[in-house]
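All figures in this text were calculated on a predicted structure; none of them were measured in a lab.
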Amino acid sequence: MMTRGGTKLANSMLALAGHRLLSTTSNAAASNKIVSGILTGRTVGSPAWSTTFLVRDPIFGVRNGGTMALGEEKEGEEKKVSTTGTGTGGGSNNKDEKTVASYWGVEAPKVTKEDGTEWKWTCFRPWETYQADLSIDLKKHHAPVTFMDKLAFWTVKSLRWPTDLFFQRRYGCRAMMLETVAAVPGMVGGMLLHCKSLRRFEHSGGWIKTLLEEAENERMHLMTFMEVAKPRWYERALVMTVQGVFFNAYFLGYLISPKFAHRMVGYLEEEAIHSYTEFLKELEKGNIENVPAPAIAIDYWRMPPNSTLRDVVMVVRADEAHHRDVNHFASDIHYQGRELREAPAPLGYH
């Protein structure tokens with residue numbers, strides 16, 4: 001049976017306990033002194049010290065823990081946020097960027113251009129930029145001979161008809177849709193080769209990096225055309241649907257037959273070259289306004305400052321021609337009964 005002194009003590013504790021029991025704030029200082037005295041056996045009024053405790057009381061039904069310092073308030077650490085600027089497209093300016101000072105000391109390095117000016121893009125770095133090789137042969141074509149080649153060829157041709165019907169001559173939006181699909185195969189192939197390399201404890205011959213570079217390059221095409229053509233809501237919905245279907249279909253296709261998968265991408269890139277050629281014709285006819293090139297394109301392809309949309313389409317088309325060659329080459333390696341790692345990958349082939 002509880003004594004009268006014990007009952008008074010329990011009632012005092014119940015009265016002082018609020019929503020935040022044993023809080024470190026000044027409002028709960030009295031409660032902290034009482035409970036800390038009970039937990040530590042020290043008398044109230046002794047010099048200040050810090051006590052870490054954990055209490056689970058069936059009366060309150062909750063677990064309460066904290067660290068308190070008697071005689072002084074505890075100052076918590078806060079994240080320091082300074083406003084300095086973040087521009088669109090992964091760039092930066094001095095108005096909106098928010099730099100977070102982290103406890104872990106992870107800070108973005110300050111990167112400058114060759115002329116010493118600040119590099120404003122966070123989605124890619126100066127050492128990832130290049131000048132496109134516009135001299136590449138755009139008319140090269142792999143004639144389908146085997147059943148797998150013909151299947152890959154007609155699969156791509158069948159995909160072109162609904163695309164032509166939907167976009168017609170809106171080549172800016174067509175380019176965006178094309179790049180959301182074209183950026184998938186490199187990522188899927190690189191991912192599967194990465195897992196294969198881990199399973200077999202063997203090198204990939206540089207093909208993992210080559211395919212991931214292709215995926216990143218196609219994504220940069222998309223980032224560029226987003227500055228030129230703004231997709232409508234139903235086009236965004238279409239992108240989500242097409243990407244979801246194509247990703248899973250290509251994933252299964254690559255697992256079943258990598259030579260078919262790479263051959264299909266080779267034909268897909270041939271269609272991309274055709275689409276960008278038609279885009280250029282419309283620009284030259286004046287049916288599409290030849291606006292100045294986006295800043296992201298000028299820095300990524302190291303283009304002259306006065307470049308236009310026509311120049312952007314030309315370098316993108318050259319990129320697609322290089323991807324065509326790489327994927328047909330990869331398919332040929334498989335057709336010869338060899339694995340990709342047995343042939344050096346064309347790293348940096350732009």
Side-chain angles (χ1 to χ4, degrees), residues 87-91 113-115 119-121 123-124 126 128-141 156 160 163-183 186 213-232 235 239 265-327 348-350:
T88 58
K113 295 182 180 180
E114 295 177 354
D115 58 4
W119 182 259
K120 64 179 181 178
W121 306 105
C123 54
F124 66 99
E128 297 172 335
T129 64
Y130 62 95
Q131 287 182 320
D133 177 18
L134 300 180
S135 64
I136 190 170
D137 187 356
L138 301 172
K139 297 180 180 180
K140 288 171 68 176
H141 168 67
V156 173
R160 178 179 171 180
T163 306
D164 289 343
L165 183 63
F166 184 81
F167 290 103
Q168 298 181 1
R169 295 191 176 277
R170 292 186 294 120
Y171 286 102
C173 294
R174 184 192 184 106
M176 279 195 304
M177 170 62 76
L178 179 65
E179 298 303 343
T180 60
V181 172
E213 280 183 352
E214 176 186 315
E216 175 64 12
N217 182 248
E218 297 285 10
R219 191 184 67 85
M220 288 303 299
H221 292 175
L222 175 63
M223 297 299 104
T224 298
F225 284 115
M226 281 178 58
E227 300 294 323
V228 178
K230 303 299 181 184
R232 301 173 180 140
E235 291 171 338
V239 166
V265 176
Y267 287 130
L268 185 65
E269 299 294 357
E270 290 183 16
E271 287 297 326
I273 294 171
H274 172 75
S275 294
Y276 285 119
T277 300
E278 294 299 314
F279 197 165
L280 284 171
K281 289 179 181 179
E282 293 298 310
L283 283 167
E284 291 168 357
K285 291 177 183 178
N287 295 332
I288 299 176
E289 185 181 0
N290 191 23
V291 297
I296 190 172
I298 292 175
D299 285 340
Y300 183 68
W301 284 286
R302 301 179 187 174
M303 301 168 66
N306 59 345
S307 298
T308 62
L309 178 58
R310 181 180 180 277
D311 300 316
V312 172
V313 175
M314 288 184 67
V315 296
V316 170
R317 184 178 63 171
D319 284 348
E320 306 294 4
H322 286 84
H323 300 327
R324 170 204 63 192
D325 295 350
V326 170
N327 281 278
Y349 180 65
H350 295 296

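- At a threshold of 4.5 Å between non-hydrogen side-chain atoms, the residues Met176 and Val239 do not count as touching.
- A pairwise comparison of heavy atoms in Arg310 and Asn290 identifies N-OD1, 2.9 Å as the closest pair.
- In this structure, Tyr130 and Asn217 have side chains that are in contact, with non-hydrogen atoms separated by less than 4.5 Å.
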Worksheet item: Can you list the steps and then say if Tyr349 with Ile136 is a side-chain contact (heavy atoms from CB on, under 4.5 Å)?
Response: CA-CA 11 Å; Tyr349 180 65; Ile136 190 170; 3.9 Å; yes
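- Nearest approach of Gly348 to Glu213, heavy atoms of both residues: N-OE1, 3.4 Å.
- Closest heavy-atom contact between Gly186 and Ala215: C-CB, 3.9 Å.
- Glu289 CD to Leu309 CG: the interatomic distance, rounded to the nearest 0.5 Å, is 9.5 Å.
- Ionic pairing of Glu284 and Lys281 is not present here: no N-O contact between side-chain nitrogen and carboxylate oxygen is shorter than 4.0 angstrom.
- Ion pairing of Glu320 with Arg317 is absent here, as no side-chain N (NZ or NE/NH1/NH2) approaches a carboxylate O to less than 4.0 Å.
- The shortest side-chain heavy-atom distance between Asp325 and Glu269 does not fall under the 4.5 Å cut-off.
- In this structure the side chain of His323 reaches within 4.5 angstrom of the side chain of Glu218, judged on heavy atoms.
- In this structure, Arg160 and Glu271 approach most closely via the heavy-atom pair CD-OE1, 3.0 Å.
- Put simply, CZ on Phe279 and CG on Leu178 are 11.5 Å apart, with the number rounded to the nearest 0.5 Å.
- In terms of heavy-atom proximity, Asp319 sits nearest to Ala132 at OD1-CB, 4.4 Å.
- Looking at Val312 and Ser307, their side chains never come closer than 4.5 Å, going by heavy atoms from C-beta outward.
- Atom CE of Met226 has 12 or fewer heavy atoms from other residues, nucleotides or ligands within 6.0 Å.
- Between Glu179 and Thr224, the closest side-chain pair of non-hydrogen atoms is not below 4.5 Å.
- To the nearest 0.5 Å, the span separating NZ on Lys120 from CD1 on Ile296 amounts to 9.5 Å.
- Once rounded to the nearest 0.5 Å, the distance linking CG of Leu268 with CG of Asn327 reads 9.0 Å.
- When side chains are defined from C-beta on, Glu270 does not count as touching His274, because their heavy atoms never get closer than 4.5 Å.
- Separation of atoms CZ (Arg302) and OG1 (Thr129) is listed at 3.5 Å; rounding is to 0.5 Å.
- Here the CE-CH2 distance, from Met223 to Trp121, works out to 11.5 Å after rounding to the nearest 0.5 Å.
- In summary, of the residues considered (Trp301, Tyr300, Tyr276), a ring pair (Phe, Tyr, Trp, His ring centres under 6.0 Å) with His221 occurs for Trp301 alone.
- Leu222 has its side chain within reach of Thr180: a pair of non-hydrogen atoms, C-beta onward, lies under 4.5 Å apart.
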